[in-house]
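As structure tokens, the structure follows; a few thoughts come after it.
For the single chain, residues carry numbers from 1 onward in sequence order. All values derive from a computational prediction rather than experimental measurement.
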Amino acid sequence: MFPAKLAALLFGSALLLTPALARDDGGYDHSPLKSWFESLQSEFGKCCTDADGYIVSDADWESSRGRYRVLIDDEWVIVPDGAVITQPNRFGRTMVWRHYIDGHPRVRCFMPGSMT
């Protein structure tokens with residue numbers, strides 16, 4: 001019995017320690033917001049071109065003096081003015097689309113939420 005319990009414990013630990021990867025697997029093909037998300041763009045291009053956006057918790061972004069910054073991979077990143085989506089946020093939650101330069105996160109698109 002002991003080896004079976006150990007194997008189950010190791011398997012469960014591996015599942016918990018494996019990072020969850022987010023990607024569009026077609027699960028939102030019939031969402032009423034799909035075409036709206038696909039239309040979003042900043043001065044840096046279409047938001048969903050290279051990667052899906054992800055939701056940012058209220059504690060991980062802030063606004064000061066008309067500028068935004070967001071916490072990505074434990075690094076506070078200033079959101080360029082050209083990356084801010086200015087149309088109304090139909091989704092309601094804060095989202096960011098990121099890319100990396102020299103190993104550091106950068107913001108391709110940022111859509112502020114309501115901070116509720």
Note: Ala83 and Val107 closest approach over all heavy atoms is CB-O, 3.8 Å
field: Check: Asn89 side chain, Thr94 main-chain N or O, donor-acceptor pair, under 3.5 Å
entry: no
* Asked: Is there a chain of hydrophobic side chains (I, L, V, M, F, W, Y, each step under 4.5 Å between heavy atoms) that links Tyr100 to Trp76?
  -> no
I want to check something: taking the side chain as every heavy atom from C-beta on, are Asp73 and His104 in contact at a cut-off of under 4.5 Å? no
Besides Phe44, the hydrophobic cluster formed by Ile, Leu, Val, Met, Phe, Trp and Tyr side chains linked at under 4.5 Å, directly or via other members, contains none
Taken to the nearest 0.5 Å, the spacing of Phe91 CZ from Trp36 CH2 works out to 8.5 Å
Sorted by chain and number, sequence neighbours left out, side-chain hydrogen bond (donor to acceptor under 3.5 Å, both in side chains) with Asp60 holds for Ser57
Closest heavy-atom pair, Gly82 versus Ser42, reported as atoms and distance to 0.1 Å, is O-CB, 3.1 Å
Interatomic distance, OG@Ser39 vs NZ@Lys34, rounded to 0.5 Å, equals 11.0 Å
task: Indicate if Leu71 and Trp61 have the same hydrophobic cluster label, given that clusters are the connected sets of ILVMFWY residues with side-chain heavy-atom separations under 4.5 angstrom.
output: no
One should read off an interatomic distance between Cys47 SG and Met111 CE, to the nearest 0.5 angstrom, of 8.0 Å
Beyond-backbone contact of Trp97 with Lys46, side-chain heavy atoms, under 4.5 angstrom
no
Only one of Asp81, Val96, Ile85 passes side-chain contact (heavy atoms from CB on, under 4.5 Å) with Phe110, and that residue is Val96
Rounded to the nearest 0.5 angstrom, the OH-CD1 distance for Tyr68 and Ile78 is 13.0 Å
For Arg106, does the CZ atom sit with more than 12 other heavy atoms under 6.0 Å from it, leaving out its own atoms?
yes
